Number of protein chains: 4
Amino acid sequence: MLLIHLNTTDERPIYTQIADQVKFAIASGILTPGVLVPSVRELSKQLVVNPNTVARAYRELQSQRLLEPVRGTGLQISESAPDLCRTDRREYVRRRLRLAIEEARRSELDPQEIEQILREEWSNGNGRAE
Amino acid sequence: MLLIHLNTTDERPIYTQIADQVKFAIASGILTPGVLVPSVRELSKQLVVNPNTVARAYRELQSQRLLEPVRGTGLQISESAPDLCRTDRREYVRRRLRLAIEEARRSELDPQEIEQILREEWSNGNGRAE
Amino acid sequence: MLLIHLNTTDERPIYTQIADQVKFAIASGILTPGVLVPSVRELSKQLVVNPNTVARAYRELQSQRLLEPVRGTGLQISESAPDLCRTDRREYVRRRLRLAIEEARRSELDPQEIEQILREEWSNGNGRAE
Amino acid sequence: MLLIHLNTTDERPIYTQIADQVKFAIASGILTPGVLVPSVRELSKQLVVNPNTVARAYRELQSQRLLEPVRGTGLQISESAPDLCRTDRREYVRRRLRLAIEEARRSELDPQEIEQILREEWSNGNGRAE
DNA sequence: GTGGTCTAGACCACC
DNA sequence: GTGGTCTAGACCACG
């Protein structure tokens with residue numbers, strides 16, 4: 001069962017949030033090759049979201065060869081998806097962290113203070129659920 | 001002299017880029033209370049941007065009590081601006097880092113790997129001139 | 001249904017009149033949390049003003065956390081809006097009255113005479129339908 | 001000696017503030033017919049204000065027949081000024097108070113609460129020197 | 001000269 | 001359909 005959590009206050013578009021979480025589910029083995037993702041209508045109902053939004057997320061995933069259509073049945077995880085997602089994921093995480101760190105440096109805040117913040121924020125979340 | 005650089009590839013709106021750079025200039029002491037910011041028309045000419053866009057940036061800064069109008073003369077840095085900007089900046093940096101870290105966690109990548117990436121990215125930039 | 005009336009003789013800008021009337025509507029319970037305000041285009045058509053003017057009014061309300069965007073859908077009254085508007089309204093009324101009274105004092109008119117005027121003007125309006 | 005206090009945070013234009021205070025000074029007998037008001041240059045220096053601003057205030061006062069030019073000498077208080085100002089002043093004060101009260105009513109705040117605020121604000125200032 | 005308001009209209013992302 | 005961004009240009013009040 002695929003669990004997706006949307007954050008409407010997040011500035012990122014909803015379709016991106018959906019696509020990213022599908023990718024994470026693939027990378028972590030929750031979704032494996034051959035498994036069908038929920039139908040657009042079903043997922044849109046579950047997430048209380050416009051069907052177009054889910055369709056767009058799936059479209060993105062198809063264009064990245066992570067989902068492939070099975071005629072008359074739905075969309076399934078592709079054979080190559082796990083590999084693609086695992087490397088993607090690492091690069092993605094690295095890139096986001098790098099951007100945040102670069103911006104922190106550009107703010108001309110004292111580097112020691114930045115390091116302090118980094119330490120705090122990293123340890124903050126460790127050990128808690130969600 | 002206030003130097004503002006617009007990044008057209010940056011996804012953030014122009015007025016935000018302007019406002020943020022004014023804030024950084026205040027936080028780092030380049031702009032001090034009582035100093036007039038460049039006039040809307042002047043800055044818009046310098047940045048090759050519509051005057052309305054600059055005006056909007058300045059309006060945001062006014063609503064945050066960082067700029068105050070001197071009638072018929074222009075907009076000046078408020079007395080309280082430096083304090084506000086310094087704490088703002090810290091909060092801003094912290095928030096960006098926290099969001100990136102939270103997303104990294106959500107990716108279900110191995111925490112040790114995340115920490116490794118964090119270390120690498122942080123030390124990467126240190127020691128180099130930007 | 002939200003009814004907004006613009007007063008062209010009022011010296012206050014149109015966007016302020018719009019924003020204030022939305023606030024009053026929230027304070028008096030005509031608009032409740034979760035309700036969508038009329039779309040920018042619709043209200044601008046109804047009021048025969050430029051869409052940008054309505055958008056600006058809504059932007060002010062957003063920056064005061066009274067409206068929040070529902071992406072692709074519109075702007076809704078925030079959960080905290082009623083409380084904010086009710087206290088705001090009281091402060092607003094108080095401020096206007098204080099300013100008028102202060103100016104009356106500064107006029108060096110006999111205080112007894114001012115009090116007399118205050119009484120008259122206050123009782124004048126009571127009991128009549130506006 | 002004419003004492004004028006400008007409030008730069010007041011939303012009213014400076015030239016209006018100057019003109020009004022001259023009127024109050026006439027109404028209260030500080031300035032009497034035949035007395036010369038300070039020259040534009042002198043008053044502008046004293047108030048740290050653009051000479052144009054003082055000139056405009058004086059222009060308004062002349063157009064209301066409160067000041068009259070004495071060739072080669074300056075502007076003097078007119079014979080009829082005190083009467084004009086005294087009635088003006090009462091009407092002015094009354095009008096400002098009425099407008100504030102009307103707006104308070106329009107806010108649909110509970111009338112009892114408005115009366116409460118009125119009482120508080122009125123008694124607040126009594127007894128203190130400003 | 002300054003900022004503020006408003007109009008008109010284009011283009012974009014999102015749902 | 002929705003709001004958001006940006007441009008272009010007119011007009012106003014203030015100093």
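These figures come from a predicted structure and were not determined experimentally. Just so we're on the same page: letters track the sequence lines, and every chain starts at 1.
- To the nearest 0.5 Å, atom CD of residue A/Q17 and atom CG of residue A/L47 are 10.0 Å apart.
- When heavy atoms are screened at a 4.0 angstrom cut-off, B/V49 is found touching the sugar-phosphate backbone but no base atom.
- Ranked by how close their nearest DNA chain E nucleotide is to the 5' end, B/P38 and C/V70 are led by B/P38.
- The distance between atom CZ of B/R41 and atom C1' of F/dC14, rounded to the nearest whole Å, is 12 Å.
- Atom CD of B/E102 and atom OG of B/S107 lie 12.5 Å apart (nearest 0.5 Å).
- Each of D/I14 and C/T73 was assigned the nucleotide of DNA chain F with the nearest heavy atom; the assignment lying further toward the 5' end belongs to C/T73.
- Where C/V48 and B/G72 meet DNA chain E, the nucleotide closest to each residue was compared, and B/G72 sits on the side nearer the 5' end.
- Atom CZ of C/R41 is separated from atom CD of C/Q46 by 16.0 Å, given to the nearest 0.5 angstrom.
- Computed from coordinates, the C/R59 CZ to E/dG4 P distance equals 13 Å when rounded to whole Å.
- Here F/dG15 presents its C1' atom at 15 Å from CG of D/L43, a figure rounded to the nearest Å.
- If you measure from atom CZ of A/R12 to atom C1' of E/dA13, you get 15 Å, rounded to the nearest angstrom.
- Going from atom CD of C/E11 over to atom P of E/dG4 covers 17 Å, rounded to whole Å.
- B/Y58 has its OH atom 16 Å from the P atom of F/dC6, to the nearest Å.
- Nearest to the side-chain atoms of A/P13 among the listed nucleotides E/dC15, F/dG15, F/dT5 stands E/dC15.
- Counting only N and O atoms by type, the side chains of D/E68 and D/Q62 include no donor and acceptor under 3.5 Å apart.
- Side-chain nitrogen and oxygen atoms of B/R71 include none within less than 4.0 Å of the OP1 or OP2 phosphate oxygen of E/dG3.
- Among the heavy atoms of the strands lying under 4.0 Å from A/N50 are primed sugar atoms or P, OP1, OP2 only; no base atom is included.
- Put simply, CZ on B/R86 and CZ on B/F24 are 14.0 Å apart, with the number rounded to the nearest 0.5 Å.
- The CD-C1' distance, from C/E68 to F/dG3, rounds to 14 Å in whole Å.
- Residue order along DNA chain F, read from the 5' end via each residue's closest nucleotide, puts C/S39 first among B/R56 and C/S39.
- As rounded to whole Å, 12 Å separates atom C1' of F/dT5 from atom CD of B/E60.
- The distance from atom OH of B/Y92 to atom CG of B/D20, rounded to the nearest 0.5 Å, is 5.0 Å.
- Ranking F/dG15, F/dT5, E/dC15 by closeness to the C/N52 side chain, first place goes to F/dT5.
- Partner assigned to F/dT7 is E/dA8, using Watson-Crick or G-U wobble distances below 3.5 angstrom.
- Using a 4.0 Å heavy-atom criterion, one finds that C/Q62 contacts the sugar-phosphate atoms exclusively.
- An OP1 or OP2 oxygen of F/dG15 is reached within less than 4.0 angstrom by no side-chain nitrogen or oxygen of D/Y15.
- C/P69 comes within 4.0 angstrom of no nucleic acid atom, judged by non-hydrogen atoms across all strands.
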